[in-house]
Amino acid sequence: MSRRSLEEILHPKSIAVVGASDSGGRGGGFVVPLLQLGFDGEIYPVNPRYSEISGLTAYPSLKQIPGSVDYVISAVPAAAVPAMLEDASQKGVKGIHLFTARFSETGRPEAARLEQEILRTARTHGIRIIGPNCMGLYYPSEGISWSDDFPKKSGFAGLASQSGNVAGEVVQTAVSRGVYFSKAISYGNAIDLNECDYLEYFAQDPETKIILMYVEGVKDGRRFFNSLRQAASCKPVVVLKGGRGRAGARAAASHTASLAGAVELWETLVSQAGAVFAEDLGELIDLAASFYFLPPITGRRVGVAGGAGGASVLAADQCEKAGLDVIPLPVELREELKDRGVAVWDWIGNPADISIRVDENFTAGYMLEIMSRCPQFDFLIPIVRGPDRRNRKGASVDTHLEEYRLHESSRKPLLAVVADRERDPTESDEAWRWQQTGLMKAKLVASNIPFYPTIGRAARAANKLIDYYQKRSQYQH
């Protein structure tokens, strides 16, 4: 039979969860997320031990479901998959997500042989497989998810992750930074559909504008490079490589049966393809937020304001270390400061040290505003301090943020730094500070301003974003 495309299987009108349960055990967790996210089609729990699961009629087998089934989530033991596949072929199933594990990742020859038998059977019947050994599909606009903690709100980030755990962490962490997903796919051992299929799909998917990938190994290096280069030519692609050291490579092999290559080779491959290499999960999220909210930036001249004293010196060091150009404060800006009556007009630099509060004319907001009007800056990094507990009763988050005049400074792309601080349960104002900081971050996201916990992370993300757009511009010309 002809092989169905990924697009054909991602829009099911009916889903069967084989091995479902009411106990929250293996597979039990897949029915509730479909209900919670509002899947609009038929949901069929399958388990001969139950007559009802989560308020839905349960069926003893796939064959006994009335009507056709488009998509199956399999949580049955590995040995039961071949028989389930035969039943699926009789129901017109287009795609199967094999949550089922304990295949080739175990290193056991008999498990690897069973995996290949399953693949042959699926291909005979024209059924595509996501997995095995994976969490499957999160598609919020279709109401499909493996977790009821994931938001119903859709965005335009696409994620393909070889690890289900990493996929879940990326989704939840990215959402806290305002990044929402068109689809996220955890694909595990990838015996059928693999990383290239997902990359090629996201490259042409109109719902996806940026692509994130967590990869432990690839099936076909040449195809992956070509797919990555093609995707990166039209959309930002950020790649995080797992299994980079010896211990990580061993863990990757036992996790998803992947062969992990040397990290230097991977960095070169990703760079030559025009994509972006993330050093760790934190940087993957930073880059996701950067590409999600920021327009293309092709210059490295940065203006920084909001820091104080030694922090400003360190900010300059970190920006330069990341590859940015911390230019001196232009003469015309000094003249403007002088005309405004700022007594230290000849002292202020870039980064602007706001601790020199000689009068009310000199604020972080004013500095950011005049920097935003200056053509010599390509983008700005405001360092936004946390809420002042001395103003606990009087000042709101809106009033606090107004001091930075971020809307007036939006002529230039903005990357805000909002420092994370460890919680101190001994402080009486701790809960209030955390609440206020959370509200402040939410306000920044609502204004399409990405935020970062340190200026070093903001600077590194900006530099890699600039690298990407410069390379893409060169390729297009």
Side-chain angles (χ1 to χ4, degrees), residues 6 9-12 14-47 53-56 70-76 95-101 129-190 193 198 202 207-208 211-214 216 240 242 255-256 281-282 284-285 288-289 292:
L6 186 57
I9 71 173
L10 292 185
H11 305 278
S14 56
I15 297 176
V17 181
V18 184
S21 75
D22 248 345
S23 63
R26 292 194 67 176
F30 286 106
V31 174
V32 172
L34 294 172
L35 294 170
Q36 291 280 72
L37 265 76
F39 177 67
D40 198 32
E42 296 291 338
I43 304 171
Y44 300 115
V46 176
N47 193 320
I53 292 175
S54 298
L56 302 173
D70 291 331
Y71 187 84
V72 168
I73 299 172
S74 166
V76 298
I96 294 180
H97 155 215
L98 284 177
F99 170 70
T100 305
I129 292 176
I130 298 175
N133 183 27
C134 68
M135 298 307 296
L137 176 64
Y138 167 51
Y139 192 167
S141 67
E142 293 278 338
I144 301 173
S145 178
W146 69 80
S147 173
D148 54 6
D149 289 335
F150 290 176
K152 297 180 182 181
K153 180 179 176 179
S154 291
F156 53 81
L159 169 66
S161 172
Q162 204 156 2
S163 163
N165 183 62
V166 169
E169 189 170 351
V170 168
V171 169
Q172 292 180 317
T173 309
V175 164
S176 72
R177 302 277 291 273
V179 175
Y180 290 84
F181 289 82
S182 57
K183 296 112 179 162
I185 304 172
S186 153
Y187 61 88
N189 293 10
L193 293 161
Y198 302 118
F202 281 131
E207 296 178 344
T208 301
I211 304 169
L212 310 177
M213 297 193 79
Y214 170 77
E216 291 177 359
L240 174 60
H255 181 210
T256 53
L281 192 57
L284 180 78
I285 301 300
Y292 200 88

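For clarity, every value in this text was computed on a predicted model and none was experimentally measured.
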**Message:** Could you check whether any side-chain heavy atom of H11 comes within less than 4.5 Å of a side-chain heavy atom of Y139, counting everything from C-beta outward?
**Reply:** yes

**Message:** As an exercise, state the distance from OH of Y180 to CZ of F156, rounded to the nearest 0.5 Å.
**Reply:** 12.5 Å

**Where D148 and Q36 come nearest, the two heavy atoms and their spacing** = CB-CG, 3.8 Å

**Asked** Can you tell me if S176 uses its side chain to pair, donor with acceptor, with the backbone of T173 under 3.5 Å?
**Response** yes

**Request:** Given side-chain hydrogen bond (donor to acceptor under 3.5 Å, both in side chains), test S161 with S186 step by step and report yes or no.
**Result:** CA-CA 5 Å; S161 172; S186 153; 5.8 Å; no

**Prompt:** Would a 4.5 Å heavy-atom cut-off, applied to side chains only, mark L212 and F181 as touching?
**Reply:** yes

**Request:** Compare all side-chain heavy atoms of L193 with those of I9 and state whether any distance is below 4.5 angstrom.
**Result:** yes

**Prompt:** When rounded to the nearest 0.5 angstrom, what distance separates CD1 in I185 from OH in Y198?
**Reply:** 6.0 Å

**Asked** Where do F150 and S145 come nearest, in terms of heavy atoms and distance?
**Response** CD1-OG, 3.4 Å

**Asked** Rounded to the nearest 0.5 Å, how far does CD1 of I144 lie from CZ of F39?
**Response** 5.5 Å

**Message:** So which atom in S163 and which in E216 form the shortest heavy-atom distance, rounded to 0.1 Å?
**Reply:** CB-OE2, 4.2 Å

**Request:** Run the numbers on V171 and L159 for side chain to side chain contact (heavy atoms under 4.5 Å, CB included), then give the verdict.
**Result:** CA-CA 8 Å; V171 169; L159 169 66; 4.2 Å; yes

**Message:** Using 0.5 Å steps for rounding, measure from the CZ atom of R177 to the CD1 atom of I285.
**Reply:** 7.5 Å

**Asked** Would you say Y71 and V17 make side-chain contact, with heavy atoms under 4.5 Å?
**Response** no

**Asked** To the nearest 0.5 Å, how far apart are CD1 in I15 and CD1 in I43?
**Response** 7.0 Å

**Prompt:** If you look at every heavy atom in L37 and S147, which pair is closest and at what distance?
**Reply:** CD1-O, 4.1 Å

**Request:** Answer yes or no: is there a side-chain heavy-atom contact under 4.5 Å between L35 and V31?
**Result:** yes

**Item:** Beyond-backbone contact of F30 with M135, side-chain heavy atoms, under 4.5 angstrom
**Value:** yes

**V72 vs H97 side-chain heavy atoms within contact, under 4.5 Å** = no

**Item:** Rounded distance (nearest 0.5 Å) linking atom OG of S14 with atom CG of D40
**Value:** 12.0 Å

**Least distance between heavy atoms, P140 atom then S182 atom** = CD-O, 3.5 Å

**Message:** Quick check: closest heavy atoms across I53 and S21, and the distance to 0.1 Å?
**Reply:** CG2-O, 3.6 Å

**Request:** Flag the pair Y138 / P151 as yes when at least one side-chain heavy-atom distance between them is below 4.5 Å, and no otherwise.
**Result:** yes

